[in-house]
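Proteins come first, then strands; the chains are lettered A, B, ... in the order of their sequence lines, and each starts at number 1. Given the structure is predicted, the values throughout are model-derived calculations rather than measurements.
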Protein chains: 2
Amino acid sequence: MAKTKDINTENQILEAAKKVFQIKGMDGARMQEIADKAKINKAMLHYYYRSKQLLFEAVFKNAFALLAPQLNTILNDDSSIEEKVRNFTSNYISFIIKHPYLPSFIIQELNRNPEFILKLKEQKGFPNIAKFKKQVILEIEKGILKPIKGEQLFINILSLNIFPFVASPLIKAFANIDNKEFKQLMNDRKTEVANFIVNSIKT
Amino acid sequence: MAKTKDINTENQILEAAKKVFQIKGMDGARMQEIADKAKINKAMLHYYYRSKQLLFEAVFKNAFALLAPQLNTILNDDSSIEEKVRNFTSNYISFIIKHPYLPSFIIQELNRNPEFILKLKEQKGFPNIAKFKKQVILEIEKGILKPIKGEQLFINILSLNIFPFVASPLIKAFANIDNKEFKQLMNDRKTEVANFIVNSIKT
DNA sequence: ACATTTGTCAACCATTTGGTTAAACTAAAT
DNA sequence: ATTTAGTTTAACCAAATGGTTGACAAATGT
């Protein structure tokens with residue numbers, strides 16, 4: 001048997017599945033399309049992943065595993081809130097420009113099947129807001145920040161960073177801009193968003 | 001025939017279709033489920049709307065028509081930017097609490113089929129940012145606002161208001177809160193978000 | 001009263017879809 | 001050379017799906 005070959009095939013499948021699932025979602029994706037894109041027979045999909053559902057879950061977990069560490073930097077590292085905001089905003093927008101379908105994919109599929117997040121929550125490394133909340137309280141006490149609930153600040157940071165990518169067709173239409181101008185706007189946001197946030201919360 | 005009855009049926013169908021499409025999306029929705037929910041035969045769906053695609057478009061345009069006027073208030077009315085932000089934030093969040101599936105539905109389907117927005121753009125009443133941009137420039141010149149591009153401010157306003165609802169499963173998981181606490185957070189945001197924005201842009 | 005149009009339904013149809021099977025192929029181990 | 005175990009394929013299948021048909025009922029116009 002060919003140990004080298006099967007790993008290769010398995011990966012081809014996963015790559016193809018990623019592309020198809022992330023663009024079309026679970027419901028819109030077709031096993032045949034994934035097979036074609038991976039240049040293999042449809043039966044191979046089932047040989048390696050047993051069912052559409054399991055293949056999908058492999059893709060989804062993979063995608064989430066890419067996203068989670070990004071969030072954990074802002075939640076768990078030791079720099080000040082302001083530094084975190086500046087770092088996160090810059091890094092995250094660069095990250096998303098490289099993986100444009102990721103956030104809408106994850107959000108869409110979690111809306112379709114909200115219970116699925118329970119499975120993810122069990123895994124270690126799942127982002128948790130607790131430490132961040134404490135830090136916000138501390139910095140408010142120190143007089144560095146204006147009063148704000150940690151949850152609200154965190155929601156604001158996520159919203160400002162992620163939403164424009166999730167809603168890009170809408171934003172392009174409202175602002176009457178093409179892809180190039182949109183990309184420019186998003187690049188500007190690497191510093192723009194951080195300033196916007198810091199402006200609002202710093203004393 | 002029953003003129004009263006057919007209008008009734010047509011509406012029953014649209015209401016049922018709304019529910020199913022908004023939760024399951026175009027790909028996940030089933031004509032049979034819509035028929036069942038409307039308590040009619042599946043053939044009736046085609047009698048009134050010819051195809052799944054056309055029924056979907058009816059639902060989508062309907063949904064968008066609900067959303068657009070909300071945006072136009074902030075884009076086109078004559079109050080100051082600060083007043084607009086405060087008004088919009090409060091009204092919009094109330095609105096979304098009443099129609100929780102609307103924003104994710106529209107965003108999801110536009111991502112699936114971005115060309116669709118061209119059809120919407122032609123219709124009058126489609127939100128346009130031009131007037132808002134001019135107003136931002138004017139208030140900056142007057143010294144009321146700190147310098148910011150109108151596009152960025154508008155994106156920020158939308159992000160802060162809409163994203164939490166689109167990504168609610170994620171946010172509930174990260175913040176470790178249940179539906180009740182989430183609703184409370186969103187209610188707080190009616191003023192919280194406006195303050196956050198005004199804090200950041202006012203001189 | 002009667003023909004015509006409109007509305008409703010059960011049964012049906014063609015196609016697509018996820019999934020299965022059984023046989024063929026490959027390459028390493030004995 | 002033969003066995004063994006993993007890999008790949010073409011053909012197939014049952015269920016689901018969007019859509020159609022033809023019969024029939026209810027309302028309308030004349």
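The side chain of B:T9 places no N or O atom within less than 4.0 Å of a non-bridging phosphate oxygen (OP1 or OP2) of C:dG7. In this structure, B:Y47 does not reach the D:dT20 phosphate: none of its side-chain N or O atoms is under 4.0 Å from OP1 or OP2. At D:dG18, one or more side-chain N or O atoms of B:R30 fall inside 4.0 Å of OP1 or OP2 (strictly under the cut-off). The phosphate of C:dT8 has neither OP1 nor OP2 within less than 4.0 Å of any side-chain N or O from B:N41.
The separation between A:L55 atom CG and C:dT17 atom P is 16 Å, rounded to whole Å. In this structure, CG of A:L45 is placed 14 Å from C1' of D:dT7, rounded to the nearest angstrom. A:D27 places its CG atom 11 Å from the P atom of D:dT17, with the value rounded to the nearest Å. Nucleotide D:dT7 holds its C1' atom 15 Å from the OH atom of A:Y49, rounded to whole Å. With rounding to whole Å, A:H46 atom NE2 is found 15 Å from D:dT9 atom P. In this structure, A:R50 places its CZ atom 17 Å from C1' of C:dT21, rounding to the nearest Å. Atom NZ of B:K39 and atom C1' of C:dA10 are 20 Å apart (whole Å). Between the CE atom of A:M31 and the C1' atom of C:dG18 there is a distance of 7 Å, given to the nearest Å.
Each of C:dG18, D:dG18, D:dT21 was ranked by its minimum atom distance to the side chain of B:K42; first place goes to D:dG18.
Aromatic pair A:F56/A:Y49: centroids not less than 6.0 angstrom apart. Taking the six-membered ring where the residue is Trp, the centroids of A:F105 and A:Y101 are separated by 6.0 Å or more.
For the 3.5 Å distance criterion, the side chains of B:D188 and B:Q184 qualify, holding a donor opposite an acceptor. Remark: the B:K61 side chain and the B:Q123 side chain contain no N/O donor-acceptor pair separated by less than 3.5 Å. B:N113 and B:E109 form no side-chain donor-acceptor contact under 3.5 Å, judged by distance and modelled atom types alone.
Between the side chain of A:K52 and the base of C:dG19, no donor-acceptor pair under 3.5 Å is found.
Across all strands shown, A:A29 has heavy atoms under 4.0 Å from sugar-phosphate atoms exclusively, and none from any base.
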